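Read through the structure below, which is laid out as structure tokens, and then see the notes.
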Amino acid sequence: QGVPGRMNGNVPNQPPKKSSVDDYLTSERQSVSKNEFFHGKVIGLSGSNRWHNVIVSNVAIGIGSRLHGHKCEIYISNIRVKLDNNFICYPDIAVVNGEPEFTDRNLDVLVNPTFLVDVFSTEVNSSAKTTKLESFLAMSSIRECLLIKEDEMRVEHYAKQNAKQWLYKI
């Protein structure tokens, strides 16, 4: 119920484990699988499919072609992002405009993304999608967010107008 996982689904039949942020990061840095962290729970992520990867690659190429000459870094799928509510997730694409900031010297948990992209399928429950989106939009550093459906032609674009107002386009 409302527990976010990879936007293309959670690992089935695995209940979330309770953990501290430090325990989660220690375990995650040694793990070959990806897990997100939300309200003390470690949530396993499922793998992605062909279409998910094609969409992520094409979006990253499109973003990269527009960033020429800007001080930006693009991270694809493997950077952890710590959101304001202690939710640690793996967005499909994270962009930082300016100097990236990380939680520690491991440089693997980003805290100041300016643009996030997540690709999801219809298998994701709407409360998990809503919880993740609300966490994205609550970050003061985030200026834009894209949610892309992998199994239909739908892109949701959120652009920050001011601290309390977002422009939403489908």
Side-chain angles (χ1 to χ4, degrees), residues 1-17 24-25 27-39 41-67 72-83 85 87-97 100 107-139 141-159 166 168-170:
Q1 171 201 9
V3 177
R6 160 76 63 215
M7 288 247 179
N8 64 349
N10 288 331
V11 175
N13 301 323
Q14 284 190 344
K17 301 170 269 193
Y24 160 77
L25 285 174
S27 174
E28 193 68 7
R29 287 173 175 148
Q30 298 169 0
S31 178
V32 292
S33 62
K34 289 184 187 175
N35 301 284
E36 294 185 330
F37 182 83
F38 186 69
H39 290 302
K41 294 183 178 131
V42 177
I43 303 121
L45 299 179
S46 63
S48 58
N49 63 33
R50 172 188 177 203
W51 296 115
H52 185 102
N53 283 294
V54 167
I55 292 167
V56 170
S57 297
N58 287 335
V59 171
I61 291 166
I63 292 169
S65 70
R66 288 172 173 74
L67 296 180
C72 293
E73 290 186 6
I74 301 173
Y75 304 99
I76 302 172
S77 299
N78 288 318
I79 192 79
R80 287 185 272 299
V81 173
K82 183 177 183 200
L83 303 171
N85 60 356
F87 178 17
I88 300 174
C89 63
Y90 288 89
D92 288 306
I93 299 172
V95 178
V96 176
N97 185 6
L107 305 178
D108 62 352
V109 183
L110 181 68
V111 295
N112 67 331
T114 52
F115 181 48
L116 294 176
V117 178
D118 229 356
V119 178
F120 64 99
S121 73
T122 53
E123 296 171 10
V124 172
N125 80 42
S126 61
S127 64
K129 177 186 163 198
T130 300
T131 301
K132 199 167 202 181
L133 174 63
E134 287 173 353
S135 297
F136 287 174
L137 300 182
M139 286 286 290
S141 65
I142 294 179
R143 302 286 171 247
E144 290 186 75
C145 179
L146 281 181
L147 299 182
I148 302 171
K149 278 194 118 171
E150 83 179 22
D151 44 9
E152 74 179 67
M153 292 184 67
R154 182 185 179 97
V155 175
E156 297 177 19
H157 178 237
Y158 297 82
W166 290 84
Y168 171 68
K169 294 180 185 176
I170 298 177

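Please read these numbers as outputs of a predicted model, since none were measured by experiment. In what follows, every heavy atom counts, from backbone to side chain, and hydrogens, waters and symmetry copies are set aside.
Of all the heavy atoms in Val119 and His52, the pair that sits closest is O-CE1, 3.4 Å. Minimum heavy-atom separation, Pro91 to Leu116: CG-CD2, 3.7 Å. Scanning all heavy atoms of the two residues, the minimum distance from Phe120 to Asp151 falls at O-OD1, 4.4 Å. Closest approach of Ile76 and Ala60 over heavy atoms only: CD1-CB, 3.5 Å. Closest approach of Ser77 and Lys34 over heavy atoms only: O-NZ, 2.7 Å.
Checked against side chain to side chain contact (heavy atoms under 4.5 Å, CB included), Gln30 has the following partners two or more places apart in sequence or in another chain: Thr26. A search for side chain to side chain contact (heavy atoms under 4.5 Å, CB included) contacts involving Leu107 returns Phe102, not counting sequence neighbours.
Here Ile142 contributes atom CD1 and Leu83 contributes atom CG; the two are 6.0 Å apart, rounded to the nearest 0.5 Å. Of the inter-residue distances, the one linking His157 atom NE2 with Ile148 atom CD1 reads 10.5 Å to the nearest 0.5 angstrom. Atom OG1 of residue Thr131 and atom CZ of residue Phe38 lie 5.5 Å apart, to the nearest 0.5 angstrom. Rounding to the nearest 0.5 Å places CD1 of Ile88 at 11.5 Å from CG of Leu110. The distance from the CD1 atom of Ile74 to the CG atom of Asn97 is 11.0 Å, given to the nearest 0.5 Å.
Put simply, the side chain of Thr114 never gets that close to the backbone of Ser141: no donor and acceptor are under 3.5 Å apart. Panel note: side chain Ser57, backbone Val54; no donor-acceptor pair is recorded below 3.5 Å.
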Could you please spell out the steps behind the side chain to side chain contact (heavy atoms under 4.5 Å, CB included) verdict for Asn49 and Glu150? CA-CA 10 Å; Asn49 63 33; Glu150 83 179 22; 2.8 Å; yes
When you look at Tyr158 and Leu147, which way does the side chain to side chain contact (heavy atoms under 4.5 Å, CB included) test go after all the steps? CA-CA 9 Å; Tyr158 297 82; Leu147 299 182; 4.3 Å; yes
List the steps, then state whether side chain to side chain contact (heavy atoms under 4.5 Å, CB included) holds for Ile55 with Asp92. CA-CA 10 Å; Ile55 292 167; Asp92 288 306; over 6 Å; no
As a quick check of understanding, evaluate side chain to side chain contact (heavy atoms under 4.5 Å, CB included) for Tyr75 and Val81, giving each step before the final call. CA-CA 10 Å; Tyr75 304 99; Val81 173; over 6 Å; no
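Residues Pro113 and Phe136 fail the side-chain proximity criterion, which asks for heavy atoms closer than 4.5 Å. A heavy-atom distance below 4.5 Å is found between the side chains of Leu25 and Arg80.
With respect to Glu156, the side chain to side chain donor-acceptor pair (under 3.5 Å) criterion is satisfied by exactly one of Lys129, Lys169, Lys149: Lys129.
Relative ring orientation between Tyr24 and Phe37 is described as tilted, the plane-to-plane angle lying within the 30° to 60° band.
In this structure, Trp166 places its CH2 atom where more than 12 heavy-atom neighbours from other residues, nucleotides or ligands lie under 6.0 Å away.
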